[in-house]
Amino acid sequence: MKSIICFFLLSIFSMTCYADDNEQRNEGNWYVGGAYHGGFPKLKALGASLDLGVGYSFNGGYTFSVSDKSKIDIDAEYFDMGDASGGNGSEYYYVNATIDASSYSLNLKPRYLPNGSGWFVGGLLGLGNYQLGASLESSYESVSGEESGLGTSLGVELGYEANNFIGSVGYRYMMSSIDDVSTDFSTFYVGVRYKI
């Protein structure tokens with residue numbers, strides 16, 4: 001985990017070296033965006049897998065142009081991973097459970113434009129704080145709680161950049177240890193970013 005954090009910080013530091021050159025060429029820009037995570041999001045913990053509902057994310061960041069064929073985005077993101085609920089019972093006794101997940105993270109997203117056109121393939125490396133909340137309600141009592149932990153995310157995406165818009169589809173995989181329990185989350189997504 002320490003090597004991932006060091007790599008992430010070193011990557012961010014090295015990208016700032018390009019800032020002055022990018023400003024002279026006027027190729028760097030700020031952006032805001034969002035994504036819809038509806039492609040079978042799954043949460044895995046303690047050997048069990050749970051399908052979560054629709055999730056969404058919002059991000060904002062800066063794009064550095066490294067060359068004519070490569071760019072690097074650095075952004076901050078809030079990600080609501082969705083929730084799941086279920087229950088069982090009768091008129092006299094019932095149990096209902098709800099689980100939800102979310103995160104705040106910093107992401108490094110290199111993009112490669114193979115022929116200098118608007119099409120690109122990209123990757124994602126993120127570091128963030130992941131939260132997992134749960135509540136249990138029964139005919140006798142109700143309990144709830146939330147735990148969080150540091151985690152990383154990896155992803156790939158395919159997209160197109162035209163004028164002030166960047167559209168993409170991709171896959172993300174996140175790993176975290178929440179309350180000493182290894183927790184994984186994966187999803188497909190469709191996203192859009194707008195250059196300010």
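Hydrogens, waters and symmetry mates are skipped; everything else that's a heavy atom, side chains included, is used.
Heavy atoms only, all atoms of each residue included: Ala134 and Ile99 are closest at CB-CG1, 4.3 Å. In terms of heavy-atom proximity, Gly126 sits nearest to Leu124 at N-CD2, 4.0 Å. For the residue pair Tyr56 and Phe79, the shortest heavy atom distance occurs at O-CD1, 3.3 Å. Considering every non-hydrogen atom in both Gly149 and Asn129, the closest pair reads O-OD1, 3.5 Å. For the pair Asp75 and Tyr31, the tightest heavy-atom approach, listed with the atom from each and the gap, is OD2-OH, 2.9 Å. Here the shortest heavy-atom pairing between Arg172 and Ser153 reads NH2-OG, 3.6 Å.
Tracing side-chain contacts under 4.5 Å through hydrophobic residues (I, L, V, M, F, W, Y), one reaches Tyr112 starting from Leu158; they form part of the same cluster. Hydrophobic clustering of Ile, Leu, Val, Met, Phe, Trp and Tyr side chains at less than 4.5 Å, counting indirect connections, keeps Val192 apart from Tyr160. Val121 and Leu154 fall into different hydrophobic clusters, where Ile, Leu, Val, Met, Phe, Trp and Tyr residues are linked whenever their side-chain heavy atoms come under 4.5 Å apart, directly or through other members.
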### Query
Val169 and Phe188: side chain to side chain contact (heavy atoms under 4.5 Å, CB included), yes or no, with the steps?
CA-CA 8 Å; Val169 295; Phe188 289 95; over 6 Å; no
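Taking CG from Leu132 and OG from Ser103, the interatomic distance works out to 11.5 Å, rounded to the nearest 0.5 Å. With rounding to the nearest 0.5 Å, the separation of CZ in Arg193 from CD in Glu161 is 8.5 Å. Here the CD atom belonging to Glu146 is positioned 7.0 Å from the OG atom belonging to Ser148, to the nearest 0.5 angstrom. Taking CG of Asn29 as the reference point, atom OG of Ser65 lies at 7.0 Å (rounded to 0.5 Å).
Contact check for Asp184 versus Tyr173: side-chain heavy atoms found under the 4.5 Å cut-off. Put simply, the side chain of Phe120 reaches to within 4.5 Å of the side chain of Ser168, judged on heavy atoms. Looking only at side-chain heavy atoms (C-beta outward), Ile74 and Leu106 stay at 4.5 Å or farther from each other.
Within 6.0 Å of CG in Asn163 there are 12 or fewer heavy atoms belonging to other residues, nucleotides or ligands.
The six-membered or imidazole ring of Phe64 lies near that of Tyr62, with a centre-to-centre distance under 6.0 Å.
Here the rule is side chain to side chain contact (heavy atoms under 4.5 Å, CB included) with Ser85, and of Asn96, Asp100, Thr98 only Thr98 fits it. Tyr194 pairs in a ring pair (Phe, Tyr, Trp, His ring centres under 6.0 Å) with only one of the listed residues (Phe58, Trp30, Phe165), which is Phe165. None of Glu147, Met175, Met81 except one satisfies the side chain to side chain contact (heavy atoms under 4.5 Å, CB included) rule with Tyr130; the exception is Met81.
Under the 3.5 Å distance criterion, with hydrogens and angles disregarded, a donor-acceptor pair is assigned to the side chains of Thr63 and Asp73.
Ring planes of Tyr189 and His37: tilted class, angle from 30 to 60°.
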